[in-house]
Amino acid sequence: MSKLAEFARIIDEAARTATAVPQLTDTQPDITVSDAYEIQSLSLAHRQERGEVQIGVKMGLTSRAKMLQVGVSEVIWGRLTNTMRLTEGHDLIRSHYVHPRVEPEIAYIIRKPLSGIVSAAEALAAVEAVAPAMEIIDSRYRNFKFTLPDVIADNSSSSSFFVGAWHKPETDVSNLGILLEVNGRPAQIGSSAAILGNPIRSLVAAARAVGDIGESLEPGYIVLAGGATAAHPLTPGEYIQTSFQHLGSVSFTVAN
Ligand code: 0L1
Ligand code: MG
């Protein structure tokens, strides 16, 4: 087995069993960003062998708050599968994760293929609808600590996500107030403008990222544009609700 394939198996197993593992760069410090995306892709293949289907892409580290929280200053991306999508309003089972955190996001659903270098107008023309969303990130590395190649190999920490009601694609999501509440108390406040200045830029970046490796954002794909605030660590018993100006809210409860 090649080293990258071995790392993909380790990451896949860590995610599947919710078990923290040491950073891959502890034993192999020279892993490149391109190696890391290859590990991510090989790890997705293990999920696909178990019947999972890719249904989208997540963009990560798209806001300054997120970059500061993890000490990495580059936009990254990962893959979303059908089993990662949880039903809005339902429970999240804490024991299925290593150390989950939640962050508010804007979601796009794609209506026609999008790939490579595109303008914001071209990206918007490929959008079927927009929605409020929350991503559950869960680093598979001990203590939520990683280097840039480590986190990319680990599907950019993506773990699960919730999507709220879909709205027309022309809905202006460039600067919407966002309030994340935990048991009714404000925990994070932000604006969608924190996502690269305008979430549509994240879709432009997603098209370019997948295009770089010969892939495309396909019709029906969901694209999570990235967090607008720092992420909140989840504890059983918490009721999480994020309200988005003009878009409505998304909620779930953290169960054991
Ligand atoms: O979705 C994100 O912005 C997270 C990317 C990975 C960094 C982290 O785990 O916080
Ligand atoms: Mg995110």
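Order of appearance sets the numbers: ligands from 1, and atoms from 1 within every ligand. Keep in mind that the numbers below use all heavy atoms, side chains included, and drop hydrogens, waters and symmetry copies.
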task: Check each atom of ligand 1 against the heavy atoms of Lys58 and keep those under 4.0 Å away; list them by number with element.
output: 1 (O), 2 (C), 4 (C), 5 (C)
- line: Ser156 heavy atoms within 4.0 Å reach ligand 1 at atoms 5 (C), 6 (C)
CG/Asn256: more than 12 non-hydrogen atoms of other groups inside 6.0 Å: no
query: Is Arg16 paired with Glu13 through a side-chain N to carboxylate O contact shorter than 4.0 Å?
result: yes
- prompt: Quick one: do the Ser191 and Asn175 side chains pair a donor with an acceptor below 3.5 Å?
  reply: yes
Glu52 and Arg47 ion-paired at < 4.0 Å: yes
field: Any Arg101 heavy atom less than 4.0 Å to ligand 1
entry: no
message: Need the atom name: nearest N/O/S atom of Glu105 to the Mg ion (ligand 2).
response: OE2
field: For Gly60, atoms of ligand 1 separated by under 4.0 Å from a heavy atom
entry: 1 (O), 2 (C), 3 (O)
Transitive ILVMFWY side-chain link Leu24 to Ile152, under 4.5 Å: yes
message: Strictly below 4.0 Å, N to O, side chains only: are Arg94 and Asp138 in salt-bridge contact?
response: no
The Mg ion (ligand 2) - name of the N/O/S atom of Glu103 that sits closest to it: OE2
- prompt: Under 4.5 Å between any side-chain heavy atoms of Ile200 and Tyr108, yes or no?
  reply: yes
task: With heavy atoms only and a cut-off of under 4.0 Å, state how Leu61 meets ligand 1: side chain, backbone, both or neither.
output: both
- request: Can you pull out the closest protein heavy atom to atom 9 (O) of ligand 1? Residue, atom name and distance to 0.1 Å, please.
  value: Ser157 OG, 2.6 Å
- prompt: So which N/O/S atom does Glu135 have closest to the Mg ion (ligand 2)?
  reply: OE1
- prompt: Quick one: does Gly227 get within less than 4.0 Å of ligand 1, heavy atoms only?
  reply: no
query: Of all the atoms in ligand 1, which lie at a distance below 4.0 Å from a heavy atom belonging to Glu103?
result: 1 (O), 2 (C), 3 (O)
- request: Classify the ring geometry between Phe162 and Phe252 as parallel (under 30°), tilted (30 to 60°) or perpendicular (over 60°).
  value: parallel
statement: ligand 1 to Phe146, heavy atom cutoff 4.0 Å, flagged ligand atoms 7 (C), 8 (C), 9 (O)
